Amino acid sequence: MSEYRFTEIEKKWQAYWEEHQTFHAENDYTKPKFYALVEFPYPSGQGLHIGHPRPYTAMDIVARKRRMEGYNVLFPMGWDAFGLPTENYAIKNHIHPAIVTEQNIAHFKEQLKALGLSFDWQREVNTTDPDYFHWTQWIFIQLFKKGLAYKKEMAVNWCTSCKVVLANEEVVGGVCERCGGEVVRKVKSQWMLKITAYAQRLLDDLAQVNYLDKIKVTQTNWIGHSTGAEVDFRTTAGDVLTVYTTRPDTLFGATYMVISPEHPMLETWKERLENMDEIRAYQEKAAHKSDFERTEMAKDKTGVCLKGVRAVNPVNGKEIPIFISDYVLMSYGTGAIMAVPAHDTRDYDFAKVFDLPIIEVVKGGDIAKEAFTDCATGVMVNSGFLDGLSVEEAKVKIKAWLTENGKGHEKDNYKLRDWVFSRQRYWGEPIPMVYCEKCGWVPLPEEELPLRLPDVESYMPTDNGESPLSTLESFINTTCPHCGSPAKRETDTMPQWAGSSWYFLRYCDPTNKECLASPEALRYWMPVDWYNGGMEHTTLHLLYSRFWHKFLYDIGSVPCVEPYMRRTSHGMILGEDNQKMSKSRGNVINPDEVIAQYGADTLRLYEMFIGDFEKTAPWSPSSIRGCKRFLDRVWAMQDLLVDGDGYRDELMTEMHKTIRKVSQDIEQLKFNTAIAAMMALVNTLYAKGSVSRSEYRTLLILLNPFAPHMTEELFEQLGYGILNEQAWVTYDEALCKEDEVEIVVQVNGKLKVKLMIPHDAAEDVVLPMAKEDPKVAEALVGKTLRKQIYIQNKLVNFVAN
RNA sequence: GCCGAUGUGAUGGAAUUGGCAGACGUGAUGGACUCAAAAUCCAUUCCUGGCAACAGGGUGCGGGUUCAAGUCCCGCCAUCGGCACCA
């Protein structure tokens with residue numbers, strides 16, 4: 001027997017696959033297709049992380065199995081290459097980010113190839129390639145044309161020390177993640193995408209797709225749909241203050257109103273307000289607070305009562321005070337609420353601080369102690385025409401009353417906010433817009449795309465928080481595409497989420513110059529059949545890309561409503577100490593070293609065997625040896641080969657069962673138990689001391705998706721040809737059944753004996769047999785048999801006393 | 001606070017979805033091979049009692065349903081992840 005030289009073998013087959021372009025997906029539209037997708041990585045300077053191979057190998061296994069099942073498989077890879085770390089590295093080392101990106105990609109690609117992943121490298125995409133972001137920019141222009149991209153004054157996070165706008169993720173504990181400097185809110189004009197226009201469709205269409213339940217739940221919560229009503233309150237200023245509430249049934253219990261400190265009506269009332277100084281001071285305080293501080297302040301309710309303007313409860317004509325408080329957010333509903341302290345915990349807290357009346361309108365709790373918020377059990381009281389109704393009935397009745405009397409109407413609301421789409425950064429897609437004094441914002445003509453990034457002296461954001469592009473006169477100054485007057489370009493760039501919102505479409509037709517991908521290619525390949533990625537992308541990437549896809553569907557650019565048919569997710573790989581891997585903890589495992597020591601096949605196998613695919617799992621340097629041992633045993637099995645074709649009779653059942661188990665487990669992401677089944681089969685064959693050629697061949701095919709290099713090598717050595725060109729092995733359900741099965745006999749639920757009986761034996765055969773067993777008979781002596789339970793092929797239970 | 005998940009040997013994890021708890025792997029212990037080590041192979045390895053056959057207990061805790069519960073129901077506890085004043 002030759003030695004298992006994994007390094008040599010792996011290089012050999014990787015070269016073979018490259019030379020033969022084995023995994024290239026042809027645009028052969030007559031074959032059944034399968035589109036398997038993994039999230040394309042951000043090519044960081046650190047190279048591949050040990051966590052990357054887990055989802056990649058998983059989908060590689062599925063892709064390899066599907067090819068053997070006769071599908072035309074698209075399994076592509078690319079680079080989500082715009083982003084801050086590259087830009088920061090470029091700033092620090094005075095290298096152009098494009099060069100850094102190129103180097104990183106080369107490194108990543110080499111590492112991915114060393115894992116033997118069956119990607120179609122002819123379809124590689126790169127979000128920083130002008131031929132790619134041409135279409136990212138094109139999509140933005142279409143969004144603008146349909147009114148879904150707009151500019152808005154927005155509060156952003158501003159690091160007072162770095163003088164830079166920070167993403168929310170960069171603000172940790174109220175300070176700048178990098179320098180620890182104070183972060184304040186600063187108002188800037190930002191491009192926004194109107195994802196909220198698609199909120200209901202994003203919610204409804206979840207019913208059409210096969211996502212893990214927890215993913216659907218998270219998206220549903222993020223979209224945050226609620227049903228309620230808008231209610232109009234007249235004010236003593238003679239105008240109308242509209243609130244949104246999910247509990248219109250409690251309208252009789254509204255004893256005051258609260259509006260956000262940023263509410264625009266404060267300006268219209270300013271002549272009448274007697275305590276404007278106090279109001280201004282409160283507004284000032286709220287504006288300077290970061291989100292973090294606002295949350296901190298949540299413990300104690302603060303606010304200011306408006307003097308000079310009061311509101312009138314439409315249902316009973318009572319005059320009630322209006323407050324400003326930062327517990328009411330301008331960005332949700334109407335920025336104003338009716339406060340019902342008896343039935344809302346926040347209003348209750350506020351009422352206690354300001355000593356406001358608390359009127360019970362739903363009976364069932366103890367409002368002397370706390371707010372009663374239960375909608376299911378309460379009965380309406382102190383509510384005029386609503387008295388005696390249930391909460392649900394009252395909601396219906398009051399909504400009808402509001403509509404009839406012109407005091408309000410039913411209304412739905414969403415927590416989902418529009419997408420802040422501007423970044424004051426260099427390394428991103430330039431936003432292809434021009435500002436003209438006469439025409440306003442005008443998109444670049446499509447034939448001028450792509451709008452490339454100009455070379456700049458410095459990639460540093462400017463002192464005032466503008467993009468580095470803003471310092472470049474030659475870039476900024478242009479003419480209006482509409483009227484030809486001098487105009488200025490937008491200098492902000494797009495967020496990293498832009499390029500990743502449609503990359504799966506480009507894979508279908510990656511070099512198309514006329515459109516983002518040809519209709520034929522999209523009709524054939526889309527939707528993605530199976531998309532695996534991290535849970536951390538559930539609310540951002542996954543939602544953003546669904547939004548763009550629906551928009552592209554609406555303008556006729558894609559053929560399907562949803563981009564991904566099935567979405568699964570994997571758990572993170574932790575360090576040996578069960579902590580997240582990080583340089584500072586010193587628990588980082590380098591995949592290159594693992595490959596050098598054990599080989600890529602062992603690494604792949606171990607990452608799949610490490611535990612439940614969906615859960616996090618700690619890396620174990622000793623456990624990986626078990627996988628290496630298993631491969632060694634499979635390799636050494638060539639010495640156990642005996643002549644003769646077919647599976648031997650005594651192994652027939654186990655062979656068929658193993659094929660079934662592995663085939664089914666792969667589909668359900670249960671790679672760990674699939675591997676366990678193959679290990680068990682190998683143990684059986686070793687115990688037997690021999691393996692037939694057919695048995696070995698089947699084992700190699702089953703193992704191939706997991707350990708492609710070694711199995712190809714053995715397959716070739718055995719004279720079977722090229723493994724990945726073979727058909728996946730099949731099983732016969734009838735042959736998965738043993739002739740005889742072992743059943744358990746219990747007396748009063750306690751195991752007494754195990755019996756071998758014919759498969760599917762009838763009750764009237766088994767029960768007498770079980771009763772005759774000496775141990776069972778002994779246990780039943782002197783007792784009356786009350787009940788006998790027989791579960792076919794499983795167990796007998798005698799209940800007696 | 002809200003939403004979601006998880007809790008099984010020394011350890012990573014299995015358990016046909018209500019039917020033998022601990023598959024498969026790691027580690028450990030003993031043995032074989034070896035001058036020796038590594039590698040490999042064999043055996044044992046949930047706990048308690050017993051030389052043993054065997055008996056009893058056991059899936060975070062407390063109840064319940066059932067002939068039968070890791071699995072279902074009710075109430076707690078702990079850990080992890082996400083959201084966080086969303087009216």
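Below, read A as the first sequence line, B as the second, and so on, with proteins coming before strands; counting in each chain starts at 1. Everything numeric in this text was worked out from a predicted model, so none of it was measured.
- Here A:Asp366 pairs with A:Lys369 in a salt bridge; the nearest charged N to carboxylate O distance falls below 4.0 Å.
- For A:Ser622, taking side-chain heavy atoms from C-beta onward, the closest of the listed nucleotides B:G19, B:G27, B:A87 is B:G27.
- The residue A:Asp612 sits close only to the backbone: its heavy atoms come under 4.0 Å of sugar-phosphate atoms, none of a base.
- A:Arg633 has no side-chain polar atom (N or O) that falls below the 4.0 Å cut-off from OP1 or OP2 of B:C24.
- One interatomic measurement links the two molecules: CD1 of A:Ile215 to C1' of B:G81, which rounds to 14 Å at whole-angstrom precision.
- For A:Thr245, whose side chain is taken as the heavy atoms from C-beta onward, the closest listed nucleotide among B:G13, B:A87, B:C24 is B:A87.
- Side-chain proximity of A:Val799 to B:G27, B:G4, B:C67: nearest is B:C67.
- Residue contacts shown for A:Arg786 are absent, as no nucleic acid heavy atom lies under 4.0 Å away.
- The OH-P distance, from A:Tyr211 to B:G4, rounds to 20 Å in whole Å.
- Considering only side-chain N and O atoms, A:Ser226 lies under 4.0 angstrom from the phosphate OP1 or OP2 of B:A87.
- Closest approach of A:Leu780 and A:Ala800 over heavy atoms only: CD2-CB, 3.8 Å.
- A residue-by-residue look at A:Leu751 and A:Ser620 shows that A:Leu751 has its nearest nucleotide of RNA chain B further toward the 5' end.
- For A:Lys750 and B:C54, the shortest distance from a side-chain N or O to OP1 or OP2 is not below 4.0 Å.
- Below the 3.5 angstrom threshold, one finds no donor paired with an acceptor across the side chain of A:Lys415 and the base of B:C83.
- Each of A:Cys627 and A:Met330 lies near RNA chain B, and the nucleotide nearest A:Cys627 is the one positioned closer to the 5' end.
- For A:Ile337, whose side chain is taken as the heavy atoms from C-beta onward, the closest listed nucleotide among B:C85, B:A14, B:A87 is B:A87.
- Residue contacts for A:Glu742: at a heavy-atom cut-off of 4.0 Å it reaches a base atom on one of the strands shown.
- Picking from B:C24, B:A68, B:A39 the nucleotide with the shortest atom distance to the side chain of A:Asn797 gives B:A68.
- For the pair A:Asp632 CG and B:G25 C1', the interatomic distance rounds to 15 Å; values are reported in whole Å.
- A salt bridge does not link A:Glu392 with A:Arg247: none of the charged nitrogens is closer than 4.0 Å to a carboxylate oxygen.
- In this structure, A:Asn683 reaches the sugar-phosphate backbone alone: every heavy-atom distance under 4.0 Å involves primed, P, OP1 or OP2 atoms, never a base.
- Of all nucleotides listed (B:C24, B:C3, B:G12), B:G12 comes nearest to the side chain of A:Pro618.
- For A:Thr246, whose side chain is taken as the heavy atoms from C-beta onward, the closest listed nucleotide among B:A87, B:C3, B:G27 is B:A87.
- In this structure, A:Lys352 atom NZ and B:C85 atom C1' are separated by 19 Å, rounded to whole Å.
- Look at NE2 on A:His537: it is 17 Å from P on B:G81, rounded to the nearest Å.
- Nucleic acid contact class of A:Lys670 (heavy atoms, under 4.0 Å, all strands): sugar-phosphate only.
- Side-chain atoms of A:Gln746 stay outside donor-acceptor range of the base of B:C67, with no qualifying N/O pair under 3.5 Å.
- Within the 3.5 Å criterion, the main-chain N or O of A:Tyr790 finds no donor-acceptor partner in the side chain of A:Glu763.
- For A:Asn672 and B:A14, the shortest distance from a side-chain N or O to OP1 or OP2 is below 4.0 Å.
- Comparing B:A14, B:A23, B:C3 against the side chain of A:Val217 picks out B:C3 as the nearest.
- The aromatic rings of A:Tyr544 and A:Trp419 lie parallel to each other, their planes meeting at an angle below 30°, with 60° marking the opposite boundary.
- In this structure, A:Tyr256 and A:Phe350 have parallel ring planes: the angle between them is below the 30° cut-off, well short of the 60° mark.
- Taking only side-chain atoms of A:Met679, from C-beta outward, the nucleotide of B:C85, B:C24, B:A87 with the closest atom is B:C24.
- For A:Lys754 and B:C20, a side-chain-to-base donor-acceptor distance below 3.5 Å is present, hydrogens and geometry of angles not being considered.
- Phosphate proximity of B:A87 to A:Tyr244: absent, as no side-chain N or O sits under 4.0 Å from OP1 or OP2.
- Here the P atom of nucleotide B:G13 and the CD1 atom of A:Ile573 are 12 Å apart, to the nearest Å.
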